[in-house]
Amino acid sequence: MKKYITTPIYYPNGDPHIGHAYTTVMCDILRRAWKARNDEVIFTTGTDEHGQKMQEAAEAAGLSFEEFADRQSARFRELADLLNASPDFFIRTSMEEHKKVVHEWLSSAHEKGILVKKKYKGLYCVGCEQFKKESDLDQRGFCTDHQKAPVEMEEENYFLPLEPHRQWLLKYIEDNPEWIQPESYKTEVLNMLAEPLEDLSISRPKSRVSCGVEFPFDSEQVVYVWYDALINYVTSLKILGADFDSYWANSVHVIGKDIIKPHCIFWPIMLRSFGLPPASRTFIHGFFLGEGHVKMSKSIGNVIDPFETIAEFGTDALRFYFAHNAAIAKDSLITKDLLASSYSVLANNFGNLYLRTFKMLEKYNNAEIPDAPQSEENKKILLGLHRIVGRVGDIRDLSDIQTLATDILRLSSEMNGYIDAAKPWALAKDETKLDELMQVLNVLGQGIKYLAEAARPIMPDTAEKIIKSFETKEPVVLFPKREY
Ligand code: ME8
């Protein structure tokens with residue numbers, strides 16, 4: 001089956017955040033799991049380079065918009081590579097091909113006569129790049145995501161009316177219960193759709209925001225950053241020359257909870273206006289919070305930098321942390337201490353199991369997994385271990401990833417317990433028990449290989465190193481000891 005999976009395209013107005021790393025890794029795990037069952041998967045990520053926020057950041061950095069966007073976008077590309085989550089295509093909305101697709105969409109909307117030009121007065125949050133209603137703000141009148149008061153703005157813009165599509169969207173959600181996952185976020189969308197929808201402003205006067213795609217039929221206006229950004233999901237497939245309909249029919253957007261409205265309200269309506277169906281799934285996850293259960297910020301000193309974290313713990317340990325520790329339907333904490341303790345568990349449990357197994361195979365059987373006829377009891381253990389490899393093929397959504405990570409640790413623990421109970425070192429001392437020793441070594445060798453295969457989508461390098469080490473007969477250090 002052809003499948004398409006996307007991260008949001010990130011704002012490169014600053015450096016990448018650990019949250020960006022998280023979404024990218026989750027997509028990559030899904031991609032690898034689906035590829036393992038022979039799906040043809042296209043995975044895209046990229047950078048969202050327009051809008052007021054980018055314009056202000058480039059000015060503050062004293063760089064031209066292009067120089068700033070090149071430099072910052074490269075940081076995101078670098079992070080994806082360091083995470084071993086290299087996409088099939090890394091889109092930048094500053095690409096000419098993308099602008100052409102955006103023009104095509106706008107011209108089509110214009111020709112169909114569905115756009116309205118009018119004056120609008122409202123409260124604008126630059127952080128969200130969205131107009132806000134009073135009811136979106138906290139008691140102080142601040143945006144809840146950005147903790148800043150939105151600014152009042154009055155300007156003449158083009159609008160896409162959303163209200164004519166509200167009943168259709170409600171029905172679509174009812175008819176497609178798996179479209180938005182998990183359920184708690186679907187409730188949020190249904191609440192947003194409980195009241196009439198305001199028209200979506202899809203342009204900005206060039207006099208205020210110069211950083212954007214120029215309108216094809218009005219040179220005084222640039223395209224609103226969200227309208228332009230959402231279309232990236234279509235542009236990427238076009239640039240790749242992929243069979244659009246087949247991939248779109250099984251397309252998955254993975255996003256954080258902060259951008260539900262654009263993805264679950266604006267985007268399906270934009271697609272419908274253009275004559276396309278919604279992407280088939282939207283997987284939403286909660287936010288990582290820093291020490292103190294608050295948003296990470298430099299002034300609080302609770303920022304977890306993805307580059308530093310990879311340098312300290314390694315890519316696979318971070319990928320495993322994401323897979324195992326993030327609560328999808330809620331926010332979760334991420335701190336240095338939590339990362340360190342997750343690393344210790346991984347090293348002492350899974351890493352240690354590998355090392356113990358390898359050392360025993362080395363000592364008692366020339367680093368080879370013996371081909372021993374198995375007892376009924378061992379056959380059952382092996383069957384249980386083998387089942388986890390099949391579970392990779394069952395991965396459908398983000399919560400399945402967490403189940404797999406949990407099972408890997410549970411089975412590693414059980415295998416460590418199996419070694420303690422079987423005591424291969426005692427069997428080796430008794431000549432009459434050598435057959436039994438070979439059986440135990442067979443269970444351990446095969447077992448660790450099954451676990452490595454199961455872990456492959458989450459920790460691709462680690463899995464590869466384990467499998468290779470049995471071919472080369474050279475043990476590998478998976479999770480080196482760290483200084484605290
Ligand atoms: O919203 N925890 O870009 P963005 C978990 N350009 N995930 C987090 C996170 C955190 N603390 N912080 C960020 C934009 N993310 C738009 C998207 S798409 C057409 C346009 C992740 O740079 C999460 O996936 O603000 C979130 O939705 C995304 O980064 C927001 O990235």
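In listed order, ligands and their atoms are each counted from 1.
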Derivation and outcome, ring-ring contact (aromatic ring centres under 6.0 Å, His included), residues H17 and Y10: CA-CA 10 Å; H17 189 278; Y10 307 119; 10.0 Å; no
Atom of I114, atom of P161 and distance for their closest heavy-atom approach: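 Closest approach of I114 to P161, heavy atoms only: O-CD, 3.1 Å.
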Between E129 and Y124: side-chain donor-acceptor atoms closer than 3.5 Å: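 E129 vs Y124: donor-acceptor pair found between side chains.
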Between H98 and T235, a side-chain donor and acceptor under 3.5 Å: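 On atom types as modelled, these side chains qualify, holding a pair under 3.5 Å.
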Heavy-atom donor-acceptor pair, E152 side chain to G122 backbone, under 3.5 Å: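 Not a single qualifying donor-acceptor pair exists.
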Near ligand 1, at a heavy-atom separation below 4.0 Å: residues by chain and residue number: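 Correct list: P8, I9, Y10, Y11, H17, G19, H20, T23, D48, W226, A229, L230, N232, Y233, G256, D258, I259, H263, H285, G286, F287, F288.
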Parallel, tilted or perpendicular, as decided by the 30° and 60° cut-offs, for the rings of W168 and Y172: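 Tilted.
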